[in-house]
Structures are given as structure tokens and as C-alpha cells.
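See structure below.
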Amino acid sequence: MRSKQRSGQERTRSGRPARRVAYETLRAVTDEDAYANLTLPGLIRRYRLDTRDAAFATELTYGTLRGLGIYDQIIEACIDRTMSELDPRVLEVLRLGAHQTLAMRVPAHAAVSTMVDLVRATVSDGAGRFVNAVMRRIGEHDLDAWTHELAPSRDADPEGFLAFRYAHPPWIVRALRDSLNRYGPGSGSRDQADALESCLAANNEPASVVLAAWPARGDVAELTAAGAQPTRWSPYGAVLDSGDPGRLDAVKAGRAGVQDEGSQLVTLAVTGVPVEGDDARWLDMCAGPGGKAAVLAGLAHQRGAQLVALDQHPHRARLVEQALRGAPGEHSVVVGDATDEQWQDGSYDRVLLDAPCSGLGALRRRPEARWRRTPSDIAQLRPLQTALLQAAVRAVRPGGVVGYITCSPHLAETVTVVEDILRRNDDIERVDARPYLPGVPDLGSGPDVQLWPHVHGTDAMYLALLRRT
Ligand SMILES: C[S@@+](CC[C@H](N)C(=O)[O-])C[C@H]1O[C@@H](n2cnc3c(N)ncnc32)[C@H](O)[C@@H]1O
């Protein structure tokens with residue numbers, strides 16, 4: 001009994017730097033537009049957190065960021081002033097406190113006392129009294145009771161209810177619903193309400209680290225020998241359940257890298273669809289930072305093709321160069337605007353266009369993204385996506401193929417762009433992409449492919465294949 005108590009006290013004490021790390025990461029994300037996945041590891045190192053505290057800090061940071069919009073509604077219901085009157089530092093502490101109280105199994109008294117200590121250390125004693133009072137009000141209900149109190153009723157507004165219950169902005173819930181209706185496994189035939197709920201739940205689960213053994217350089221066997229498990233469908237993939245991928249020799253030596261299985265599958269599909277005639281000139285039109293280019297370069301080498309990898313931004317092009325360092329075969333990296341006539345009409349046999357997009361398909365990996373993105377981002381990206389796909393279908397020769405990929409299932413970024421291009425170009429036809437992801441189940445009614453975290457365990461990657469006639 002005594003030893004149990006002592007270990008509890010140690011946990012609380014050692015939890016303090018972990019909470020400080022979560023607080024500083026949140027400040028950087030909300031105040032400086034930083035990315036949590038880039039900021040957090042540095043702070044974990046700076047505060048020298050051990051493995052357990054690092055795991056606690058990660059769960060606290062990521063969980064708080066995922067739930068931000070919901071926790072703010074709960075905090076708003078517990079304060080006697082407007083949200084804009086709150087000191088942003090105090091708001092951050094309350095958000096962390098709300099997540100610990102409502103979603104982590106931190107005892108209420110520990111959540112209150114650690115948050116009071118944190119706000120005293122970072123703001124003032126007065127703020128400590130305020131946080132104490134608000135935290136107690138937050139703890140009066142559990143998350144189900146808060147949902148009942150603040151969310152719309154499930155019958156009257158199912159998407160509004162799910163948005164609160166699974167901490168997604170309502171416009172993203174509606175976008176996922178529309179995409180599932182069109183491209184979900186049972187689209188058209190099955191009730192998609194369950195699928196939508198599963199999809200939202202999957203976005204709240206941390207994604208595993210998936211590695212790719214770069215074709216012609218690496219070998220999955222080397223990754224599995226180091227403790228990773230082969231992926232279900234990609235012959236190049238392996239899942240690393242724990243540990244830092246950077247410690248693996250294969251990653252250090254550039255024979256493998258981190259890449260979601262969905263990205264591997266859509267890239268392989270673009271290389272798997274037959275072209276008529278020669279298959280020697282490949283273009284990766286938006287290549288930075290170079291994950292898909294690393295797959296393409298190896299396969300191009302094995303098949304006697306040359307790869308050109310283009311990116312508009314010099315720093316992204318440098319990352320592609322790094323990704324291709326050590327790759328065998330003929331490949332070159334070019335800095336340029338792909339919408340700006342970088343090549344003569346019909347110069348390539350195969351073009352992969354992984355378009356800049358909202359990233360709504362990777363919400364599992366970017367906890368802050370759902371609250372940062374807005375519908376106007378989608379509207380702003382659309383002309384660029386259309387111009388890039390138009391450039392891609394001109395870059396490929398008759399008989400060649402274009403793969404249009406987004407890491408977003410939003411219909412305005414996927415099928416709407418593709419159908420726009422099909423309307424404008426009478427020499428472009430759609431190819432059913434599903435046969436080029438062999439063995440992958442539940443690909444819906446096609447012809448395009450939409451992968452899903454809740455179905456395939458991958459990011460929600462979209463692929464359309466187009467052939468120039
Ligand atoms: C989704 S990322 C590509 C990811 C990459 N295919 C990979 O797998 O690592 C989109 C890229 O498009 C680039 N980009 C944006 N506009 C471009 C343009 N007009 N021409 C060429 N590249 C562009 C961005 O710099 C960014 O690196």
C-alpha cells in the first residue's frame with residue numbers, strides 16, 4: 001500500500017515536466033502556427049523526459065489539440081466572461097486540464113492541482129485561483145454529460161452531434177460524409193452513418209509509423225528483422241509499433257523511409273497500370289519532399305525508365321534530392337512551376353501528380369490540422385489543383401497515363417477536379433484504378449480509389465487514373 005502511494009506521488013511529480021512540455025507545445029502551435037509533431041520532440045529532449053513521461057506528454061498534447069474546438073465550448077460554458085477576454089496562456093492551461101479530466105484517466109484532484117501549479121508558474125497566482133474554479137466546474141460532468149448538454153441532439157442534427165462527440169469541425173464531418181457516400185466501401189447500398197462514425201473515431205486514433213523499403217535499394221526483410229511487421233498489401237511496407245524509426249540502419253543508410261501504406265499503394269498503382277507503347281519517361285510533378293519519388297526512382301530503374309522529379313519550391317526540391325541520394329538509375333530533380341510549361345506537350349509516358357491539398361486525409365497524424373483548416377482553404381486550392389492536372393494531362397503522350405493523388409477525401413479536391421478535366425479535354429479517359437491495388441478490399445464502386453483509415457488503416461488517400469487517347 002505504501003509503495004503504491006509512493007509510486008503515485010512520483011508519477012505526479014514526474015508528470016509536471018511532461019505537462020510543461022505539453023503546455024509549451026500548445027503555445028507554439030496556437031501562437032506561432034507551429035506543427036505539434038515537429039515541436040514536441042525537441043521539447044521532450046530539452047526537458048529530458050523519460051519514456052513514460054514522453055508518452056504522457058504526447059497523449060496530452062495530441063489529445064488536447066484534437067479536442068480543442070470541443071474543449072473550448074466546454075470551457076466557455078464554465079466561465080463568467082467571453083473567451084476573447086481570457087489570457088491565451090490561461091486558456092491553454094484550461095484546455096490541457098479539460099483533456100486530462102475528460103479524456104485521460106487522470107484523477108480530478110491531480111488534474112486540478114497540476115494545472116493550478118502550471119498556471120501559477122507561467123502566469124500568476126490570481127490565474128491559479130481562476131483555473132482552480134473553472135477546472136472544478138469542468139469536472140462536474142463527464143464527457144458524455146457535456147455532450148448531452150452542449151451538442152445538438154443526434155436525431156435533429158446527426159452531423160452536428162458527431163462533430164461534438166468526435167471533436168471535428170462540422171464542415172469536415174459533412175465533407176467526410178459526402179465522400180463516404182460516393183466512395184465508401186458500401187457507397188450507395190449500405191447505411192453510411194456507421195461508416196462516418198467509424199471514420200471520425202479512426203481520425204482520433206494515433207497512426208502507426210509505417211516504413212517503406214525503397215525499391216531497388218531496400219528490402220522489407222531487413223525491416224522485419226529489426227522488429228517491424230509487414231504491411232498488409234504493399235510489398236515494400238512494414239509497420240513499426242514502437243521506437244524511433246530513425247534508429248534503424250536501413251533508414252539511416254537511406255534504404256528505407258517513413259511512408260504511410262496508402263501512399264505506397266497509390267504510387268504502386270500509378271506504376272502498375274499499363275501504358276501503350278514505350279514506358280521510359282516518368283514524371284513526378286509535385287515531388288517534394290520525395291517519398292513517392294523514392295518509390296518511383298527504384299521502380300523506374302528496375303524497368304529501364306528515367307524519372308524527372310519536379311517541385312516549385314527550392315527547399316522542397318532539396319528534400320527530394322536527399323530522398324533520391326543513393327537511388328540507382330537515371331533521375332533528375334528540377335525546380336519549377338508545373339503549371340508553367342516545363343516540358344513539351346506529350347513528353348512523358350507516365351505522370352504522377354500528388355497535388356498540394358488540404359491534408360484532410362491525414363488528420364490522425366496532424367492533431368491541430370482539423371481546427372486550422374477552413375472551407376476557404378479548399379476553395380483556394382481548387383484552381384491550383386485543376387491547373388496542375390490540366391498540365392499533367394498535356395505532359396503525358398497519347399497512350400500514357402496520369403495518376404492524380406490527394407491526401408484528402410474532400411470531393412472538391414478529388415473527383416470534382418478530375419471531372420472538370422475530363423469535361424475540358426476530349427482526349428482523356430478514366431481508367432478503373434481498383435485493379436491496380438491488388439488484394440486491397442472494400443474499394444467501393446470505383447472507378448477512382450479512396451482509401452480510408454477506418455477501413456484500410458491508411459491515410460485517406462485518393463487516386464484517379466487517366467489515360468490520354
Ligand atoms: C502533397 S506535396 C507532394 C508530396 C510528395 N509527392 C511526396 O510523396 O513526398 C505537394 C508538393 O507540390 C509542390 N507544389 C505546389 N505547387 C506546385 C507547382 N505549381 N509546381 C510544382 N510543384 C508544386 C509543393 O511544394 C509540395 O512539395
Side-chain angles (χ1 to χ4, degrees), residues 35 37 210-212 214-215 234 236-237 245 251 254 256-271 282-300 307-325 327 331-343 347-348 350-363 365-366 369 373 377-378 380-395 402-410 413-414 417 421 451 458-464:
Y35 293 99
N37 63 339
V210 183
L211 302 166
W214 304 133
S234 166
Y236 299 97
V251 174
V258 174
Q259 186 176 54
D260 180 62
E261 188 182 13
S263 289
Q264 299 178 36
L265 292 171
V266 291
T267 309
L268 293 173
V270 177
T271 65
W282 294 9
L283 172 66
D284 183 353
M285 254 180 79
C286 284
K292 292 183 189 67
V295 174
L296 291 175
L299 294 173
L307 174 71
V308 174
L310 176 94
D311 202 280
Q312 185 177 21
H313 299 109
H315 69 281
R316 305 279 285 179
R318 275 197 295 280
L319 295 174
V320 182
E321 276 167 4
Q322 276 168 26
L324 297 188
R325 198 168 292 149
H331 45 78
S332 53
V333 179
V334 180
V335 177
D337 179 348
T339 63
D340 193 23
E341 303 274 345
Q342 295 289 323
W343 41 75
S347 298
Y348 291 95
R350 230 175 251 283
V351 177
L352 183 145
L353 167 56
D354 186 14
C357 73
S358 64
L360 294 185
L363 294 182
R365 298 183 192 283
R366 301 179 198 138
R373 284 292 182 197
D377 295 330
I378 311 284
Q380 273 171 21
L381 282 159
R382 170 91 174 275
L384 175 60
Q385 291 161 340
T386 307
L388 285 165
L389 187 51
Q390 180 61 32
V393 300
R394 292 297 116 209
V402 172
Y404 176 72
I405 296 171
T406 60
C407 183
S408 167
H410 196 303
E413 302 185 82
T414 59
V417 173
I421 293 302
L451 298 172
T458 62
D459 291 343
M461 305 295 299
Y462 166 86
L463 167 69

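Keep in mind that what you see is a predicted model, and the values were worked out from it rather than measured. Start at 1 and go down the list; that is how both ligands and their atoms are numbered.
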Original post:
Would you say the side chain of Ile378 lies within less than 4.5 Å of the side chain of Leu360, judging by non-hydrogen atoms?
Top reply: yes
Original post:
Thinking salt bridges, do Arg365 and Asp459 make one under a 4.0 Å N-O criterion?
Top reply: yes
Original post:
How would you list, by chain and number, every residue that makes a side chain to side chain contact (heavy atoms under 4.5 Å, CB included) with Pro245, sequence neighbours excluded?
Top reply: Val209, Leu211, Leu240, Val258
Original post:
Lys292 pairs by side-chain hydrogen bond (donor to acceptor under 3.5 Å, both in side chains) with which of Asp284, Asp354, Thr267?
Top reply: Asp354
**OP:** Tell me the residues surrounding ligand 1, counting only those with a heavy atom closer than 4.0 angstrom, sorted by chain and number.
**Re:** Met285, Cys286, Ala287, Gly288, Pro289, Gly290, Gly291, Lys292, Asp311, Gln312, His313, Arg316, Gly336, Asp337, Ala338, Asp354, Ala355, Pro356, Leu388
Original post:
Has the side chain of Gln385 got a donor or acceptor atom that lies under 3.5 Å from a matching backbone atom of Pro356?
Top reply: yes
**OP:** Go through the steps to decide whether Tyr404 and Val417 satisfy the test side-chain contact (heavy atoms from CB on, under 4.5 Å), and finish with yes or no.
**Re:** CA-CA 10 Å; Tyr404 176 72; Val417 173; 3.8 Å; yes
